[in-house]
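Report on the structure given below.
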Amino acid sequence: MKQLPEATNFIEQIINDELSAGKFESTGNKIAVRFPPEPNGYLHIGHIKAMCINFGVKDRYHGTLNLRMDDTNPAKEDYEYVDSIVEAIKWLGFEYDKLVFASDYYDKLYEIAEKYIMDGNAYVCDLSAEQITATRGTLTEAGTPSPYRNRTKEENLKLFREMKAGIYPDGSKVLRAKIDMSSPNLNMRDPVIYRIAHVPHYRTGDKWCIYPMYDFAHPLSDAIEGITHSLCSLEFENHRPLYDWVIEKAGFPAPVPRQIEFARLNITNMLMSKRYLKKLVDEGFVRGWDDPRMPTVMGLKNRGVPPEALKKFCADVGVAKAYSIVNQAQLDSCIRDNLNENAERAMAVINPLKLTITNYEGEEELQFEKNPAKDGAGERPVRFTGSVYIEKDDFSLDPPPKYKRLQKGGFVRLKAAYIVRCDEVITDENGQPCELKCTYFSETRSGSGVQSEIKAKGVIQWVDCKYGRDAEFRQYEPLLTDEKYPDQDYAERLNMNSERIFMGKAEPALAECEDGKAFQLMRTGYYKKVTETAPDGTSKLILSEIVSLKDNFNK
RNA sequence: UGGGGCGUCGCCAAGCGGUAAGGCAACGGACUCUGACUCCGUCAUUCGGGUGUUCGAAUCACUUCGCCCCAGCCA
């Protein structure tokens, strides 16, 4: 036996233990997992954790992973979602072995259901949904057996075939597993395993009018595919006895798949339930499932978050069984960390304030370092004419203690250019500064290496008035702080500006680079550049926020 | 109330009877043509509480408290 990989979480530890105990010797010690989303919505960051766990096991053990569409509820599922799921996984860079569908197994599942009937493990029940609920008992009281529980195999088989043939209306009959109506586990009290639904399925059309339930289809799909480990979230713990029962009664040979549960991902300020995400889309609070404010994979992608940052985040967060809510700061940190390495630096001002150098004439080309965090990133030219826009925040009429940027009579360095002194502040009718008149010191030219008497504590970014371009800045607020908020607060929060738009100035380099590229705007944050072309052919430069820079301005 | 789980630093999380890893956050300090980054340092005598077993416990036993999940013909 080859050496086992070092386990990075409790699931891998279990697998290692099983491997060393020889559990999978009969199947060549092959580990097989699956990722089983239901194609009824878009994948979100919570799914990324599940994928990291599953693909992680696949990679560590050189096993296989099936991407399985868990499509057993025709009322909710569609190709739109399967396409989006495949696209999301591809973007994340995960590679699965096979794309399969639970609906591929409908025939086999049906056969197994007939076997259950012949083995006396299932029966057709005529009780209504309400009656089934009423006779299921409570947490403390046993359920009462259905009057149809002891139908003969022949009768059950005939009825089940008739259900399949479509002669009964929706809800009139179901196939139930015959287990134990007094089990303390409600899932074992004769759960429904097949229901009638005269609803066309997006893949099988109207071939079927009876559909298997999750508790029946999922374990059997796992068994059919030879899955060794079926990893799912904590809420399925109560289903595990049923999972095992279903496979056992179907008669699959060992080794049989084992279900292992882990805690799902929660992040502060991030909505992680399909129900609410769908509400945001349906009620028009966002532009779609892939809106950059959405925690969906495609939303994150559009936001400009690198997939590697998401994987790093999942690795950092780990896998355990304890309920947890991770601070969003942890995600942001992973995103910044990645972008710090990979994003070029650029200058852009969101709230422009004009700064005119009174003693500068002509124009010149200066060099701007592309990325000081990355060796060999090099420099690129920036044009400078002595008339620039700076960020309003980078000037203060009434500077707090330790203020390092520009104030009247003070000095500051224009990044990659010169140190300037503010001589005069021109204010508007409200007393707000609208233009600064400054003096520059030629010996302080960036990169000149000249030692000057003139010193500046701060360095600020700027955009040249002549060469700068108009740009639209989009910044985002969390859509919701907690999905458990009552609906009232929820609506209020949605009404606040989750997307703020500013018109500002950006240096030409930003307009000229390729779309989708991430930049760090000096002192501001990481932004993704996109160009939007209007129907009339005019295009606008948009810089949308990925994550803001950490700032210690107030220390 | 029955059953199934979980409780280790502000937030995640290692630990598996031999004397509390790591990450995020925070806080000092250095560096800096980004108040970013980087770098150095600080940050659990204690593992929900109690009681036992043991030379020795976060790890075992008992007990107690708290939180989560389950009564869909959803997954």
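Every chain is numbered from 1 and lettered A, B, ... according to where its sequence line falls, protein lines coming before strand lines.
For Val459(A), counting side-chain heavy atoms from C-beta on, the closest listed nucleotide (rC12(B), rG4(B), rU34(B)) is rU34(B). Which of rC24(B), rG4(B), rU34(B) sits closest to the side chain of Arg345(A) comes down to rU34(B). Nearest to the side-chain atoms of Tyr214(A) among the listed nucleotides rA75(B), rG10(B), rG3(B) stands rA75(B). Nearest to the side chain of Glu235(A), among rC69(B), rC12(B), rC6(B), sits rC69(B). Of the candidates rC73(B), rG4(B), rA13(B), the closest approach to any side-chain atom of Ala320(A) belongs to rA13(B). Of the candidate nucleotides rA25(B), rC73(B), rG2(B), rG2(B) has the atom lying nearest to any side-chain atom of Thr140(A). Nearest to the side chain of Lys76(A), among rC74(B), rU1(B), rU38(B), sits rC74(B).
The aromatic ring centres of Phe519(A) and Tyr527(A) sit 6.0 Å or more apart.
The side chain of Asn552(A) places an N or O atom within less than 4.0 Å of a non-bridging phosphate oxygen (OP1 or OP2) of rA36(B). Taking 4.0 angstrom as the limit, Arg136(A) places a side-chain polar atom (N or O) nearer than this to OP1 or OP2 of rG72(B). Contact between the side-chain N/O atoms of Lys550(A) and the OP1/OP2 oxygens of rC24(B) is not found at any separation under 4.0 Å. Side-chain N/O atoms of Gln13(A) include one lying less than 4.0 angstrom from OP1 or OP2 on rG15(B).
Between Ser548(A) and Arg336(A), the shortest heavy-atom contact is O-NE, 2.8 Å. Counting all heavy atoms, side chain and backbone alike, Ser221(A) lies closest to Ala102(A) at OG-CB, 4.3 Å.
Among the atoms of the strands shown, only primed sugar atoms or phosphate atoms (P, OP1, OP2) are found under 4.0 Å from some heavy atom of Thr72(A). Within the nucleic acid shown, Arg445(A) comes within 4.0 Å of at least one base atom, counting heavy atoms only. Using a 4.0 Å heavy-atom cutoff across all strands shown, Leu127(A) reaches at least one base atom of the nucleic acid.
Toward the 5' end of RNA chain B, the nearer of the two residues Lys457(A) and Thr133(A), judged by each one's closest nucleotide, is Lys457(A).
Across all strands shown, rG2(B) forms a Watson-Crick or G-U wobble pair with rC70(B), both key distances being under 3.5 Å. Of all nucleotides present, only rU51(B) satisfies the Watson-Crick or G-U wobble test against rA61(B), with each distance under 3.5 Å. When Watson-Crick and G-U wobble pairs are counted only if both distances are under 3.5 Å, rU42(B) pairs with rA26(B).
With a 6.0 Å radius and a threshold of 12 heavy atoms from other residues, nucleotides or ligands, Asp282(A) has its CG atom above the threshold.
For the C1' atom pair drawn from rA13(B) and rU53(B), the interatomic distance equals 29 Å after rounding to whole Å. Spacing between rC55(B) and rC12(B) at atom P, rounded to whole Å, works out to 38 Å. Rounded to the nearest Å, the gap between the P atom of rU54(B) and that of rU59(B) is 16 Å. Straight-line distance between the P atoms of rG22(B) and rG29(B): roughly 23 Å, to the nearest whole Å. The same atom, C1', is picked in rC27(B) and in rU8(B); the two are 23 Å apart, to the nearest Å. Remark: the separation of the P atoms in rA14(B) and rA26(B) is 24 Å, to the nearest Å. Rounded to the nearest Å, the gap between the P atom of rG15(B) and that of rG50(B) is 25 Å.
Of the residues in residues 367-381 of chain A, those lying under 4.0 Å from RNA chain B by heavy-atom distance are Pro372(A). Using a 4.0 Å cut-off on heavy atoms, the residues of residues 193-201 of chain A that approach RNA chain B are Arg195(A), listed by number. For residues 168-181 of chain A, proximity to RNA chain B is found at Gly171(A), Val174(A), defined as any non-hydrogen atom under 4.0 angstrom from a strand atom.
Asp104(A) pairs by the salt bridge (charged side-chain N to carboxylate O under 4.0 Å, His left out) definition with Arg203(A), not counting sequence neighbours. Residues satisfying the side-chain contact (heavy atoms from CB on, under 4.5 Å) test with Arg60(A), not counting sequence neighbours, are Pro5(A), Thr8(A), Glu12(A). Take Phe236(A) and apply the ring pair (Phe, Tyr, Trp, His ring centres under 6.0 Å) test, not counting sequence neighbours, and it matches Tyr214(A), His239(A). The salt bridge (charged side-chain N to carboxylate O under 4.0 Å, His left out) check on Lys528(A) picks up nothing, with sequence neighbours excluded. Not counting sequence neighbours, Tyr526(A) has no partner by the ring pair (Phe, Tyr, Trp, His ring centres under 6.0 Å) test. The salt bridge (charged side-chain N to carboxylate O under 4.0 Å, His left out) search around Arg383(A) returns Glu363(A), Glu365(A), not counting sequence neighbours. In this view, Tyr194(A) and Phe160(A), Phe216(A) satisfy the ring pair (Phe, Tyr, Trp, His ring centres under 6.0 Å) rule, not counting sequence neighbours. Residues meeting the salt bridge (charged side-chain N to carboxylate O under 4.0 Å, His left out) test with Arg189(A), sequence neighbours left out: none. Phe262(A) pairs by the ring pair (Phe, Tyr, Trp, His ring centres under 6.0 Å) definition with nothing, not counting sequence neighbours.
Going from atom OH of Tyr243(A) over to atom C1' of rG5(B) covers 19 Å, rounded to whole Å. In this structure, the CG atom of Leu521(A) is 16 Å from the P atom of rC37(B), given to the nearest Å.
For Lys164(A) and Tyr110(A), the positive end sits near the middle of the six-membered ring, less than 6.0 Å away and at most 45° from its axis.
Checked by distance alone, Asn73(A) brings no side-chain donor or acceptor within 3.5 Å of a matching partner on the base of rC74(B). Evaluation of atom-type donor-acceptor distances gives no pair under 3.5 Å for the side chain of Asn185(A) against the base of rG2(B).
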